[in-house]
Amino acid sequence: MSSAPVADGAIAVDGSQIVGVGKRASLVARFHDARAQDFGEAAIIPGLVNTHSHLELTALRGFLEDVEGNFLAWLMKLTLARQYHMTPDDLYVSAAWGAVEAARAGVTCMADAGDAAITNMRALRDVGFRGIVHQESFGPDPALAHDQLEKLKEKVGQLRELETELVKAGVSPHAPYSVCARQLELVTDYALAQKLPLTIHASESEAEELFMFEGTGPFAEALALRGIEWKAPGISTIQYLQQHGVMRARPLLAHCVRVNEKDLEIIKAEDARIAHCPKSNAKLGHGSASYTGFLRHEIRTGFGSDSVASNNTCDIMDEARTALTISRARGDVIGDDEMVKAEQALLTATAGGARALGLENRIGTLDEGMQADFAAIALARAHQLPIYDPINTLIHSTSGRDVLLTVVAGREIFKEGRVQTIDEDRLRARIREIGGRIKA
Ligand SMILES: [Zn+2]
């Protein structure tokens, strides 16, 4: 990410840090008593960064396809299954299985958001990830905004007790249609006072657009049914978030499908960040975001899988390819009339994600002094050969399933076909059992 690919390259790791990068022969000479590993024909890349996930929903992968196309029904079916058919231990297994999937796919850092954030943080810690776990806050009723804030504070207090050097807490007011303006303001003030990172779903769907501009559509109808008054502000989500002070927290904005030039200018001027989730946006029928618009405005942007209930896999290589191909399918260009290139997609998947999370001084590139967060990916499989350019091969014909090794802060969390840090067999049996129960 910081130089051209190094042929016959290697990296040297001491403890949690990268201490050497270059030709294998020169590193072997420099660190002659180090224990060496050889991955054969493979690429060593910075660990992939997933800037938007909901780990606790992993058990709902494949459960919601029959209600896709009706976002409110989709959210309702998800919420009911999660609330009434998953025990606290089910939620843990669900989150841990999601973390297992991510480790196998070369992801080393996750920005997760969930109602069960404490559970998700435990799962990330147990598998050995780096990341930020955002406690979600819901509440469309302005009368309950203060109560909801108190609930959030209590949960975040517990979450902070679980923080480690690698895993930190954040907050996530869910979305402008599920959290009232007053609560957005209160949560933002709290996040700023506590120096907590903030993430929010923003400008995701047509339903949200109708809600903001016209005060109509499924979200407005759902509030009316609950007797909650809603007066549409008649402005975009991004302008609305700015109006209510959320932009002061430089939020990580998930989706940003329906943003215009003015919105992008605001996002850039406020130094907010974007979690670009092209597969989730497409699969749920929400449309496609302007990846080149994000890049042209030099907005800090990473890729997000979103939950596997909408995606259906946590695979940031796949996300990178999808972002590139959808951008080209839209006919979008950048700079001198150029389509997005593989180099750019790989950059967004790694260093871009690190910048989006404010972690660029520690992760996202393979340089001396950086944290040893990286993945080794096979480059000699049937779908990859022959290779003319390793970056094109990575983006256009490689997926997370080609990952050989995943390392976080010098610790091997996935190698030799197995996640090293947790009992995969027990989790596999449990996730099948949970799925069977939910289906029944
Ligand atoms: Zn989401």
Side-chain angles (χ1 to χ4, degrees), residues 49-61 63-65 67-68 70-79 81-82 91 94-95 98-99 101-102 107 109-117 119-121 123-124 131-138 170-179 184 187 197-209 211 219 237-238 241 246 251-259 272-289 301-316 319 322-323 353 356-357:
V49 179
N50 186 352
T51 60
H52 186 66
S53 67
H54 303 283
L55 283 172
E56 75 209 57
L57 303 179
T58 303
L60 300 179
R61 184 196 329 259
F63 177 62
L64 298 157
E65 274 68 5
V67 282
E68 282 173 353
N70 179 341
F71 197 32
L72 185 65
W74 189 91
L75 285 168
M76 291 299 292
K77 184 172 177 183
L78 179 154
T79 306
R82 191 201 161 291
L91 288 171
S94 186
E101 179 188 8
V107 175
C109 181
M110 311 267 284
D112 192 75
D115 193 31
T119 303
N120 298 346
M121 188 181 272
L124 284 183
I132 301 167
V133 182
H134 302 82
Q135 174 63 55
E136 279 183 338
S137 175
F138 293 86
V171 292
S172 177
H174 176 260
Y177 53 83
S178 52
V179 180
L184 288 175
V187 172
L198 186 151
T199 190
I200 183 167
H201 295 93
S203 305
E204 181 178 5
S205 62
E206 186 187 16
E208 179 181 334
E209 210 168 48
F211 181 77
F219 292 134
T237 291
I238 301 303
L241 294 179
V246 179
L252 174 62
L253 305 163
H255 300 288
C256 292
V257 175
R258 290 156 189 270
V259 289
R273 307 153 285 144
I274 294 177
H276 180 30
C277 309
K279 277 175 62 186
S280 172
N281 296 339
K283 182 159 178 279
L284 293 181
H286 290 155
S288 59
T301 302
F303 293 130
S305 61
D306 209 347
S307 81
V308 298
S310 60
N311 185 308
N312 291 1
T313 55
C314 170
D315 185 335
I316 296 300
E319 215 65 58
T322 306
L357 301 185

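When a residue number appears, it is its place in the shown sequence, counting from 1. One-based numbering, in listed order, for ligands and for the atoms of each.
- The aromatic rings of Tyr177 and Phe211 lie perpendicular to each other, with more than 60° between the two planes, well past the 30° mark.
- Take the N/O/S atoms of Asp306: the one nearest the Zn ion (ligand 1) is OD1.
- The Zn ion (ligand 1) does not have His255 among its coordinating residues (no N/O/S atom, backbone or side chain, under 2.8 Å).
- With salt bridges taken as basic N to acidic carboxylate O contacts below 4.0 Å, one links Lys283 and Glu65.
- Looking only at atom types and distance, the side chain of Ser310 has no donor-acceptor partner in the side chain of Lys279 under 3.5 Å away.
- Remark: the Ser305 side chain and the Asn50 side chain contain an N/O donor-acceptor pair separated by less than 3.5 Å.
- Contact annotation: Cys277 places no N, O or S atom under 2.8 Å from the Zn ion (ligand 1).
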